[in-house]
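The block underneath contains the structure these notes are about, expressed in structure tokens.
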Amino acid sequence: MEGDPVSGWQEFAHAVADLRPGALLPTFAAQFVTGDRVSGAVEEQRERSLTAVQRILDQAKRAGAVRQDLTATQFQMGIASITRPLPDVAVPRLAEHEAWLVDVYLRGLRP
């Protein structure tokens, strides 16, 4: 997030959303989650990932781009919710609408 930290934060959030984590969660959960427990190796990777996201989030907080109480887990869950697949219908220009929704989400995270 060098240069303009607010733009860097927005670019980061859109890049995470472009991975469509909400679309991946059902497959991931079926393979790596049993009851309410995630496999050990996956949990370790999850913690590393959240730590990295938290560092970026801390930069965004210092720049005033997000509220001080936002956590990496909250950010990730919000992006996952936004990127959940729609029902099996043809949705023209879906990527454009998802990008708009991410922008709306980011505005809601501002102080």
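All heavy atoms count here, side chains included; hydrogens, waters and symmetry mates do not. One is the number of the first residue; the rest follow in order along the sequence.
Annotation: the span from M77 atom CE to T71 atom OG1 amounts to 10.5 Å, rounded to 0.5 Å. In this structure, CD on Q59 lies 11.0 Å from CD on Q54, to the nearest 0.5 angstrom. The CG atom of D4 sits 8.5 Å away from atom CD of E11, with the distance rounded to the nearest 0.5 Å. Atom CD of E98 and atom CD1 of I82 lie 9.0 Å apart (nearest 0.5 Å).
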Under 3.5 Å, side-chain donor or acceptor atoms of residues 101-111 against the rest of the protein: list the pairs with distances, not counting sequence neighbours.
unit_1	atom_1	unit_2	atom_2	d
D103	OD1	H14	NE2	2.6
Y105	OH	Q74	O	3.3
Y105	OH	F75	O	3.2

Using distance only, find each side-chain donor-acceptor pair of residues 32-45 under 3.5 Å and give its atom names and separation, not counting sequence neighbours.
unit_1	atom_1	unit_2	atom_2	d
E43	OE2	R46	NH1	3.2
Q45	OE1	R48	NE	3.4
Q45	OE1	R48	NH2	2.6

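Under a hydrophobic clustering in which Ile, Leu, Val, Met, Phe, Trp and Tyr are joined whenever their side-chain heavy atoms come within less than 4.5 Å, directly or via other members, L50 and L57 fall into different clusters.
Counted within 6.0 Å of CZ on R84, heavy atoms from surrounding residues, nucleotides or ligands total 12 or fewer; the atom is thus considered open.
Scanning all heavy atoms of the two residues, the minimum distance from V6 to A63 falls at CG2-O, 4.2 Å. Scanning all heavy atoms of the two residues, the minimum distance from K61 to L70 falls at NZ-O, 2.8 Å. Among all heavy-atom pairs drawn from I79 and A13, the shortest one is CD1-O, 4.2 Å. Smallest separation of non-hydrogen atoms from A17 and T83: O-CG2, 3.5 Å.
With sequence neighbours left out, the side chain to side chain contact (heavy atoms under 4.5 Å, CB included) criterion links D18 to no other residue.
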